[in-house]
Amino acid sequence: MSGAPLLDISDLRISFKSDTGYMNAVAGVSLSLRPGETVGLVGESGCGKSVTSLSIMRLLPKTAKIEGSIRFEGKDLLGLKESEVRKYRGNDISMIFQEPMSALNPVLRIEDQISEPLRMHRKMSKREMHDRVVELLRSVGIPRPEQIAKEYPHQLSGGMRQRVMIAMAMACEPKLLIADEPTTALDVTVQAQILDLLRQLQAKNNMALLLITHDLGVVAEMCERVIVMYAGKVVEEGDVRSVFRNPQHPYTVGLLNSIPKLTGERERLTPIKGNVPSLANMPVGCRFAPRCPFAKEICRTEHPPLTKVAAGSRVSCWLAEEAVAQ
Amino acid sequence: MASYIIRRLIGAVVVLFGISIITFIIAYAAPGDPARLIVGAKAPQSVVDAVRHNLGLDQPLPIQYIHYVGRLLQGNLGFSYHNNLPVTELLGQRLGNTVQLALGGWIVELILGIPLGIFGALYHRRIADYILSFLSLVGISMPVFVFGMWLIQNVAHGLGILPLGGAGGISHLILPSITLGVTGMAFYQRLMKSSMVEVMGQDYIRTARAFGVPPRRVITHHAMRNGLLPAVTYAGMDIAQLFGGVVLTETVFNYPGIGQLAWQSIENLDFPVIMATVLLAAVFVVVANFVVDIVYSVIDPRISLS
């Protein structure tokens, strides 16, 4: 596990312009991915994980103000012109989305949609393009690819549509795949198939995978490292094993406690009390402090830095800070 | 597909039948005596009665209607008292003119309205959009007779380059088409804009962008077909109405079309012609609806005709 990072995001801050000023959605997120690595980005809805993922390819609306840096193979994507970023989209970096129903265009044939990235980034004849589409459909496990290529999204099931979406993402053999809740809208059995498919494709192409999810089960199954976000900030990150076995941040502990256990004695789930703070009204200190059962005076006034607590694990919490100091 | 067409045809017959009954009753209920109108105010009552008998107007209403429908089925739309000509001949003389003018106006509406709508969607809530919306509001609010007369005064008369009115060749179509187009395009602009704004916010547009599709192609290839449906519906209704006769524009430009004929016939209580023009308009609406449904299924594969 060494070498230069493929994707390196540092101190990413994103705010949206609104009638009353700027609303801060992401406040200083840093993360990096090495080639071939799988990293999970987890958190509740509204914590900024999707916004972070969309900002990588600059897909946020014009009302968003993005600061910090996003380096891909050393090049800062935020400094590029729109036409230059476009060369990365669907080419070196691909993205798949949560809703395979709405993410595919209802009036275009599957073939037209999958060949779109090829048309944008590869010089190919119609014939070559068609063959490539069929090959891609076959590689994502679609039966009768020749026939499915001619169909429309509404003729396919949810799982099939997500496979089509993945085929489209794989068209130009990306070095990085960003998957934003790829299985959330699917049945449990189909979820497992899709995750399996992603893992296979990843191993085959040595592709890095940034998996955005709220499902810790998916993270445990797929990822090497995990980054936990809360209210626009990273609260804890580390390799999956240490974070799951020995969570340091009270929020991570809370998240893990709210997953039902399949083995041992059944207990009542412990929810995290309270709600995610609104963008307009962020706490001054640690953003989790109002919901944290262990919050102290300093937690309410100053934001804790992200510090290393153990090998391969960093956390942003005053309590952990103290534990290290002692 | 075949069963769909048959069902639609049966539906069309029912609609036209209903419309013929309604227009027939309205014509009967309208004040004025056609027989008296034909022979003039000074003719003796006996002549009026004879004419009334000859026209079958002394028979009970249901019998008159049955005779009317019987003639209709043979392609006989009746006889115009006022013009002293069979109605079919009258319509035949003018239908071509109206179809030309209607198509001309319709094309101007589409050429202006649809691109301006797309443009407005791209500049949604920016200065260009506000200016455009204001101009289209002006267009929509401007009466045909004001704008038409303005064109006659300033372009036809003032510049002396185009005919003042009447029919005959392309040059006669230009000003009335522009009048129709400018006053009618705002509907297309509004419809197209709001549906494009909605489409541009859809997930599949984000998908297209996420795969490196440049903005122009996002619009032409990914968004436009999805955004066209409301405009297609309106375009169908619109052309049907235009074919049925553009009364105001034809009157302003003294253009010998169905609309002008309808207007003159109403003034003269020329019932056979009035009923024929209403029925003709109804036929156009029914046909246009059918064509719109077929165009729908071509544009959006989720819509099937069965």
Side-chain angles (χ1 to χ4, degrees), chain A residues 50 53-54 56-63 82-110 112-122 150-155 161 164-165 168-172 174 177-178 180 185, chain B residues 114 118-130 191-192 195-233 292-306:
Chain A
S50 283
S53 70
L54 287 170
I56 296 171
M57 286 203 286
R58 302 238 309 257
L59 290 171
L60 290 172
K62 290 199 181 88
T63 52
E82 170 78 13
S83 58
E84 292 169 325
V85 183
R86 225 180 284 144
K87 290 183 191 133
Y88 286 92
R89 293 179 182 157
N91 193 9
D92 281 343
I93 312 176
S94 265
M95 190 157 181
I96 58 177
F97 301 97
Q98 178 173 349
E99 286 286 341
M101 178 75 239
S102 56
L104 292 171
N105 196 323
V107 304
L108 296 180
R109 292 178 198 278
I110 301 299
D112 294 329
Q113 308 203 37
I114 297 181
S115 53
E116 200 67 353
L118 296 171
R119 202 173 285 126
M120 294 301 125
H121 305 297
R122 300 278 184 274
K150 293 193 189 70
E151 290 189 355
Y152 291 95
H154 72 275
Q155 291 167 291
R161 282 185 211 129
V164 167
M165 195 73 227
M168 195 170 161
M170 289 295 138
C172 297
L177 178 67
I178 304 165
D180 188 358
Chain B
I114 295 205
I118 295 171
F119 183 82
L122 296 181
Y123 289 86
H124 189 45
R125 295 199 184 145
R126 310 240 296 267
I127 295 283
D129 172 34
Y130 290 125
L191 274 176
M192 200 62 200
S195 85
M196 282 298 278
V197 165
E198 198 196 314
V199 167
M200 291 305 282
Q202 295 291 316
D203 286 354
Y204 53 78
I205 296 300
R206 184 186 60 192
T207 305
R209 293 180 55 223
F211 283 90
V213 181
R216 184 190 294 248
R217 188 173 165 86
V218 168
I219 294 158
T220 56
H221 202 71
H222 296 263
M224 224 168 81
R225 260 175 82 182
N226 285 290
L228 268 175
L229 286 185
V232 167
T233 314
V292 163
D293 281 359
I294 290 172
V295 173
Y296 255 35
S297 71
V298 173
I299 292 180
D300 191 338
R302 285 169 298 179
I303 298 167
S304 79
L305 293 181
S306 42

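To find a chain, count down the sequence lines: A is the first, B the second, and so on, and within it residues start at 1. Note that the coordinates shown come from a computational prediction; the quantities given were computed from them, not determined experimentally.
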Heavy-atom closest contact (B:Met192 atom, B:Ala231 atom, distance): SD-CB, 4.1 Å
Side chain to side chain contact (heavy atoms under 4.5 Å, CB included), paired with B:Met196, selected from B:Ile219, B:Leu122, B:Leu191, B:Ile114: B:Ile219
Contact class of A:Leu104 relative to chain B, heavy atoms under 4.5 angstrom: backbone
Atom group of A:Met101 that falls short of 4.5 Å from chain B, counting heavy atoms: neither
Show me, pair by pair, the donor and acceptor atoms from chain B and chain A that are under 3.5 Å apart.
from     : atom 1 : to       : atom 2 : distance (Å)
B:Asp203 : OD2    : A:Ser102 : OG     : 2.7
B:Tyr204 : N      : A:Ser102 : O      : 3.1
B:Thr207 : OG1    : A:Ala103 : O      : 2.7
B:Ala210 : O      : A:Gly90  : N      : 3.2
B:Phe211 : O      : A:His121 : NE2    : 3.4
B:Arg217 : NE     : A:Glu116 : OE2    : 2.6
B:Arg217 : NH2    : A:Glu116 : OE1    : 3.0
B:Arg217 : NH2    : A:Glu116 : OE2    : 3.3
B:His222 : O      : A:Asn105 : ND2    : 2.9
B:His222 : NE2    : A:Glu116 : OE2    : 2.9
B:Arg225 : NH2    : A:Val107 : O      : 3.4
B:Asn226 : ND2    : A:Asn105 : OD1    : 2.9

B:Leu228 side, atom CG; B:Thr233 side, atom OG1 - distance, nearest 0.5 Å: 10.0 Å
Evaluation steps, side chain to side chain contact (heavy atoms under 4.5 Å, CB included), between A:Ile96 and A:Met168: CA-CA 9 Å; A:Ile96 58 177; A:Met168 195 170 161; over 6 Å; no
Contacting region of B:Ile205 [heavy-atom separation from chain A under 4.5 Å]: neither
Side chain to side chain contact (heavy atoms under 4.5 Å, CB included) involving A:Ala171 - partner list, sequence neighbours excluded: A:Pro117, A:Leu118, A:Leu136
Minimum heavy-atom distance A:Ile93-A:Ile178, with the two atoms named: CG2-CD1, 3.7 Å
Contact origin within A:Leu54 toward chain B - heavy atom pairs under 4.5 Å: side chain
Option in B:Pro214, B:Pro215, B:Ala223 with maximal non-hydrogen atom pairs under 4.5 Å from chain A: B:Pro214
A:Met165 side chain reached by A:Phe97 side chain, heavy atoms, under 4.5 Å: yes
Sub-4.5 Å side-chain heavy-atom contact between A:Ile56 and A:Met95: no
